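These numbers come from a predicted model, not from an experiment. One is the number of the first residue; the rest follow in order along the sequence.
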Amino acid sequence: MIPPAFILVRPQMGENIGASARAMLNFGLERMRIVAPRDGWPNSAAVALASGAGRVLDQAGLFGSVQDAIADCDFVFATTARGRELTKPIYTPEAAMEHARGLVAAGKRVGVLFGPERAGLENEDVVLANAIVTVPVNPEFASLNLAQCVLLLGYEWRRQTQPAEAVVMEMARTEMASGIEVEKLGDHFEERLEAAGFFFPEAKIPGMKASLRNMWSRLGLTKAEVQTFHGMLRQIAYKLRSQGDE
C-alpha cells in the first residue's frame, strides 16, 4: 500500500511547511510534495519547525506545477472551504480518507492538494482534482491554517487505517477486582453500616442492601481500590473503638 501524497501548493511560509511535515509524521505519512514554494527550497524555517520530522522534508518532492505534482496520481482530492462553481463530489475529511483507503488498497495512487495560506487553492487547481474535501467549520471563520488542515486529514487517514478503541481503561500497575473481592467488600460495608445503625427501617433494609451491592458492581473497582476501601473501614472502626464509641 502506498499512502496518499500530501501536496502543498504554493506554500508561502517555511514554518507552515515544517509544521505540516510534523503533522504528517504524527500520523504515519511521509509522502510530501511541494509545488512552487514562495521562499524557495530547501527552507531553513521549515526544518526548524519540523521538530523531529526532518525526514519528511528530506524526502519531499519539489514540483513546478500542480499538474506535475499529480501526474502519477489516480485520484486527487482538493481541500477547500470556499464555495465553487464546479460540479464535483464534496467529502468530509472522514469520508475522503475512507475512500482513499479503499483506493490505496486497490493499488491506486492518491494525492491531496492543500492550498497556499493567503487564499487557498485557485479554481485552476481545483479543476484538476476528482473531488473536494471540506471541513465542517464555523462558516463565519472558515479559514484553516495549512498545517491544521494537514493535521485533520492525517488524523482521519490514521483513524481509517489504524482503528483505535474509543474508550480504554488504563490500568495503573494494578488489575480489576474479582467478583468475590467486590462481594467481600460489600460484606464489610454492610457489617460496618449495621453497627452504625444505618439500615432502617426494617422494611427497607433488603432494598437498601441491594442498591449498595449494585453500586459496588457498577463501579468497576480495581484490586487496589478494594483494598483502600477495606483499609478505610478498618481505620474508622479502630478510631471509634479507641474513643469508646464502639
Side-chain angles (χ1 to χ4, degrees), residues 1 3 19-30 49-56 92-98 100-102 104-105 135-138 144-145 147-246:
M1 290 178 60
S20 296
R22 183 174 182 177
M24 288 176 62
L25 194 56
N26 281 152
F27 299 108
L29 293 164
E30 299 187 35
L49 263 291
S51 186
R55 71 172 184 262
V56 176
T92 63
E94 179 181 13
M97 292 300 96
E98 182 179 8
R101 179 186 61 180
V104 167
V135 179
V137 294
N138 176 9
L144 282 175
N145 172 270
Q148 289 175 328
C149 192
V150 169
L151 182 75
L152 283 171
L153 271 292
Y155 165 74
E156 289 297 346
W157 168 257
R158 183 75 174 183
R159 198 165 69 88
Q160 293 293 333
T161 55
Q162 299 286 333
E165 294 184 50
V167 179
V168 178
M169 176 65 75
E170 192 70 32
M171 304 302 293
R173 300 182 299 279
T174 187
E175 56 184 296
M176 300 304 294
S178 66
I180 190 63
E181 288 169 328
V182 174
E183 182 181 348
K184 293 298 183 184
L185 177 62
D187 293 341
H188 196 174
F189 258 93
E190 284 187 10
E191 176 188 342
R192 296 304 176 192
L193 290 172
E194 283 176 348
F198 176 77
F199 295 115
F200 181 85
E202 187 73 26
K204 292 186 177 181
I205 292 176
M208 295 170 72
K209 290 185 176 181
S211 294
L212 285 171
R213 294 287 178 168
N214 183 60
M215 180 182 71
W216 297 126
S217 63
R218 192 178 70 244
L219 287 178
L221 297 169
T222 65
K223 290 180 178 291
E225 289 167 341
V226 166
Q227 291 305 313
T228 298
F229 273 119
H230 280 301
M232 291 163 58
L233 292 171
R234 285 191 291 267
Q235 183 62 28
I236 290 171
Y238 168 77
K239 190 68 173 179
L240 290 174
R241 284 195 299 272
S242 67
Q243 293 176 348
D245 293 334
E246 179 175 338

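- The distance from the CZ atom of R158 to the CE atom of M24 is 13.0 Å, given to the nearest 0.5 Å.
- Heavy-atom minimum distance, G154 versus L29: CA-CD1, 3.8 Å.
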- Message: side chain to side chain contact (heavy atoms under 4.5 Å, CB included) for L212 and L193? Distances and angles first, verdict last.
- Response: CA-CA 11 Å; L212 285 171; L193 290 172; 3.7 Å; yes

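- One distance of note links CE of M97 with CD of Q160; it measures 8.5 Å at 0.5 Å rounding.
- For the pairing with H230, the side-chain contact (heavy atoms from CB on, under 4.5 Å) check across E225, Q235, H188 returns one residue only, H188.
- Here the closest heavy-atom approach between residue A53 and residue A21 is recorded as CB-O, 3.7 Å.
- Within the 4.5 Å cutoff, side-chain heavy atoms of K204 are placed close to those of P201.
- For the atom pair E190 CD and L185 CG, the distance stands at 10.5 Å (nearest 0.5 Å).
- For R234, the CZ atom is densely surrounded, since the number of other residues' heavy atoms within 6.0 Å is greater than 12.
- Nearest heavy atom pair, residue A50 against residue R22, reads O-CB, 3.5 Å.
- Across S178 and E181, no two heavy atoms sit closer than the pair N-OE1, 2.7 Å.
- We find the CD-CG distance between E94 and L152 to be 12.0 Å, quoted to the nearest 0.5 Å.
- In the displayed structure, K223 atom NZ is contacted under 6.0 Å by more than 12 heavy atoms of other residues, nucleotides or ligands.
- When all heavy atoms of A177 and V226 are compared, the pair lying nearest together is CB-CG2, 3.6 Å.
- One finds a salt bridge joining R159 and E156 here, because a Lys/Arg side-chain nitrogen approaches an Asp/Glu carboxylate oxygen to under 4.0 Å.
- Contact detail for L221 and F229: the closest heavy-atom pair is CD2-CE1, 4.1 Å.
- With contacts defined as side-chain heavy-atom distances shorter than 4.5 Å, the pair K239/S242 qualifies.
- Distance CD/E194 to CZ/F189: 13.5 Å, rounded to 0.5 Å.
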- Test log, rule side chain to side chain contact (heavy atoms under 4.5 Å, CB included), inputs N26 and Y155: CA-CA 8 Å; N26 281 152; Y155 165 74; over 6 Å; no

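- Surrounding CZ of R101 are more than 12 heavy atoms belonging to other residues, nucleotides or ligands, all under 6.0 Å away.
- Remark: S20 OG to L153 CG distance equals 11.0 Å, nearest 0.5 Å.
- By the 4.0 Å N-to-carboxylate-O rule, R213 lies close enough to D187 to be salt-bridged with it.
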